[in-house]
2 protein chains.
Amino acid sequence: MMNSSLTHLCPATPIAVNQQEAANVVALHGQATRRIAEQRAQLSGSQQIAEALALVNDSLAPQRQMVRAGDVICQAGERFSCLYLLNSGFVKIVSLSSDGREQVVGLKFRGDWLGFDGIANQRYSCDAIAMDTGEVWAIRYEALLEASLRRPALLNLLHQAMSREIANDRDSLMSVCTLPADARVADFLRYWADALANRGLRTDQIKLRMTRAEIGNYLGMTLETVSRALSRLAKAGLIEFAEGGRRDILIPEVDALRSFIQGGMTQAPALLQ
Amino acid sequence: MMNSSLTHLCPATPIAVNQQEAANVVALHGQATRRIAEQRAQLSGSQQIAEALALVNDSLAPQRQMVRAGDVICQAGERFSCLYLLNSGFVKIVSLSSDGREQVVGLKFRGDWLGFDGIANQRYSCDAIAMDTGEVWAIRYEALLEASLRRPALLNLLHQAMSREIANDRDSLMSVCTLPADARVADFLRYWADALANRGLRTDQIKLRMTRAEIGNYLGMTLETVSRALSRLAKAGLIEFAEGGRRDILIPEVDALRSFIQGGMTQAPALLQ
DNA sequence: CGACCTTTTGATAGTAGTCAAATGAAGTGG
DNA sequence: CCACTTCATTTGACTACTATCAAAAGGTCG
């Protein structure tokens, strides 16, 4: 429903480049690349994200689109044309196998990109579904490429985002493969807290916008197991439920979660039994 | 041991670009991008890979490096400077968590790239370890960026490779999260067979160069479970062991494996009991 | 308030992990 | 060439973790 407007209205990027500028760009690109990367490393996570968003906004005038929980940002099978940059809100990435298995394969926050999976085959391979109201910026891939030739920082941004996604996916796989259920849920909460912290948000209270079933799907376990794991973590004092509802989770110390994930339960052993 | 020579000797790329050429490149990049992508889609998998290797070879004169089983191509924590393109052989990607968990997070074949995970933080986050004799091409990332400004096809190649890796990692996660042990092992064999087929190689016999323990680690199960799963698949007639050793596996019909993965065991139900 | 969805918790079953032993394969040195 | 060591693999017995089934409680929205 919202796809059509969102996909096709991206404004063309002005390509007024004189020859001198173009030549300079080519020559400077390599050195600039490293300098840019090192500059970025000095910024905090939220500063990096804000800067990245600003750069994209200035260079590309992306098509902004409000989304509400449940909206489909891009759909598996749909022809690839745009990448999406999440300015606010929260998105889940869902993969559907040929035989009908459905799997949440990723979660995206402010500053994350969506749609990289579409580049290879010119079709998206996953659905991206908003879990909350927010704003996504649609960026025509070809416009992005063109702009990135004039702005080394833009190409860097793109590659860093893709690289981060690859590293992130591997972490997910590691978590699913090596951790027992309770630790996997703890690691999920830690991941979420880190994502918030990295964006300059409070990390002690998490408002989960996913059902137990969605969390379980993402972590490769059933919703009952998620529920039991959360109960056990709460009993161990590693988390607390907010009075309002059980969707909101308080994390007194993220480090306590971390050590639980690592050691099984070297921390707080007395509390657990 | 081999790292020093491999990492530091990448030759600088010649950057003889006149201004006219540079300007043309910028203007043509966007259109060329789509045309190139569509041309590539018409080629077979092995042709695409051969063409990609040829393009990189011609554009970048990569540093070639022979590797033997066990050689470390790049190591987690090491400073990022090169991407690696696998020309022949077979490589596993191993991630090591801070608390010592070790996880095989990927397998690479001819035409696959290594090291994308290093772009984001300027350090590799995984080890890449050769499982077999082969040849890797080291490509300085900055040289690649410079060259890709002059050759749209090169940038496309890079992005497609990263995109494919992202899609691939998600498939792995889906497999681990949704399939029971036997189907996961079957899916692993199917994946391997597809990788071979995609490179124009015989797909009916697979020479596994991994121990049961490595396979189990990759699939998130114990080596005993892998062994039992293989025995059950063999009993069901879906695979056969070569007489030589149990490392070589014959797959009479890959499609039979596929339907086993999907349906549990709608195929060959009588055989299984 | 009632319909519906989510979550929790218990009881039970089943899958995969752990421990252990035996067999098989491969390389080393006498 | 064979004995011997070592590592990989298979298989069995048992345990444990997680899934499944079921019921009740908690929340949400018309």
Side-chain angles (χ1 to χ4, degrees), chain A residues 68-70 101 103-104 131-132 175-189 206-236 239-249 260 264-265 272-273, chain B residues 69-70 92 101 103-104 131 175-189 206-236 239-249 260-261 264-265 272-273:
Chain A
R68 304 166 65 94
R101 287 171 286 141
Q103 176 67 35
V104 177
M131 303 289 285
D132 194 6
S175 178
V176 169
C177 283
T178 64
L179 295 177
D182 286 12
R184 224 142 80 212
V185 172
D187 194 49
F188 167 76
L189 296 173
I206 292 180
K207 196 176 201 65
L208 294 178
R209 287 176 175 81
M210 305 170 72
T211 65
R212 304 289 190 252
E214 283 172 320
I215 297 171
N217 180 293
Y218 179 51
L219 298 178
M221 63 184 73
T222 60
L223 66 95
E224 293 95 331
T225 301
V226 174
S227 177
R228 280 187 241 269
L230 287 171
S231 297
R232 280 189 289 260
L233 291 174
K235 203 170 293 179
I239 64 171
E240 293 169 32
F241 293 109
E243 30 260 59
R246 292 181 201 70
R247 284 280 179 95
D248 296 12
I249 289 176
F260 171 78
M265 48 188 72
L272 254 185
Q273 47 183 321
Chain B
K92 69 172 175 182
R101 287 171 286 141
Q103 176 66 36
V104 177
M131 304 290 284
S175 178
V176 169
C177 284
T178 64
L179 295 177
D182 286 12
R184 223 143 80 212
V185 172
D187 194 49
F188 167 76
L189 297 173
I206 291 180
K207 197 177 201 65
L208 294 179
R209 286 176 175 81
M210 304 170 74
T211 66
R212 302 289 190 255
E214 283 172 319
I215 297 171
N217 180 290
Y218 179 51
L219 298 177
M221 62 184 75
T222 60
L223 65 96
E224 293 95 329
T225 301
V226 175
S227 177
R228 280 186 242 269
L230 287 171
S231 297
R232 280 189 289 261
L233 291 175
K235 205 170 291 179
I239 65 171
E240 294 170 30
F241 293 110
E243 30 260 59
R246 292 182 200 69
R247 285 279 180 95
D248 296 12
I249 288 175
F260 171 78
I261 295 162
M265 49 191 71
L272 256 186
Q273 54 168 336

Checklist entry - Side chains of L230(B) and R212(B): closer than 4.5 Å at any heavy-atom pair? => result yes

Next on the checklist: Across nucleotides 3-9 of chain C, 5' to 3', mark each nucleotide with B, S or - according to how protein heavy atoms within less than 4.0 Å reach it.
Outcome noted: ---SSBB

Item to check | Whichever of T222(A) and E243(A) has its nearest DNA chain D nucleotide further upstream toward 5' | outcome: T222(A)

Next on the checklist: For a 4.5 angstrom cut-off between non-hydrogen side-chain atoms, does L233(B) reach F260(B)?
Outcome noted: yes

For residues 177-186 of chain B, which side-chain N or O atoms pair as donor and acceptor with protein atoms under 3.5 Å away, sequence neighbours left out?
from    : atom 1 : to      : atom 2 : distance (Å)
T178(B) : OG1    : R101(A) : NH1    : 2.8
T178(B) : OG1    : M174(B) : O      : 2.7
D182(B) : OD1    : R232(B) : NE     : 3.3
D182(B) : OD1    : R232(B) : NH2    : 3.0
D182(B) : OD2    : R232(B) : NE     : 2.8
R184(B) : NE     : L219(B) : O      : 2.9
R184(B) : NH1    : L179(B) : O      : 2.9
R184(B) : NH2    : L219(B) : O      : 3.1
R184(B) : NH2    : G220(B) : O      : 3.1

Item to check | d(CG, L233(B); P, dT10(D)) in whole Å | outcome: 12 Å

Item to check | R209(B) CZ to dA8(D) P, straight-line distance once rounded to whole Å | outcome: 17 Å

Checklist entry - When you measure from the side chain of E240(A) to the backbone N and O of A234(A), does any donor-acceptor pair fall under 3.5 Å? => result no

Item to check | Rounded distance in Å - CZ (R232(B)) to P (dG12(D)) | outcome: 11 Å

Item to check | Positions of residues 176-189 of chain B (non-hydrogen atom under 4.0 Å from DNA chain C), listed by number | outcome: P180(B), A181(B)

Item to check | Minimum side-chain heavy-atom gap V104(B)-I215(B) below 4.5 Å | outcome: no

Checklist entry - Quick one: are F241(A) and D248(A) in side-chain contact, heavy atoms under 4.5 Å? => result no

Next on the checklist: Could you tell me if the side chain of T211(B) sits less than 4.5 Å from the side chain of R247(B), heavy atoms only?
Outcome noted: yes

Checklist outcome for this item: Minimal heavy-atom distance between S175(A) and D187(A), with the atoms involved, is OG-OD2, 3.1 Å

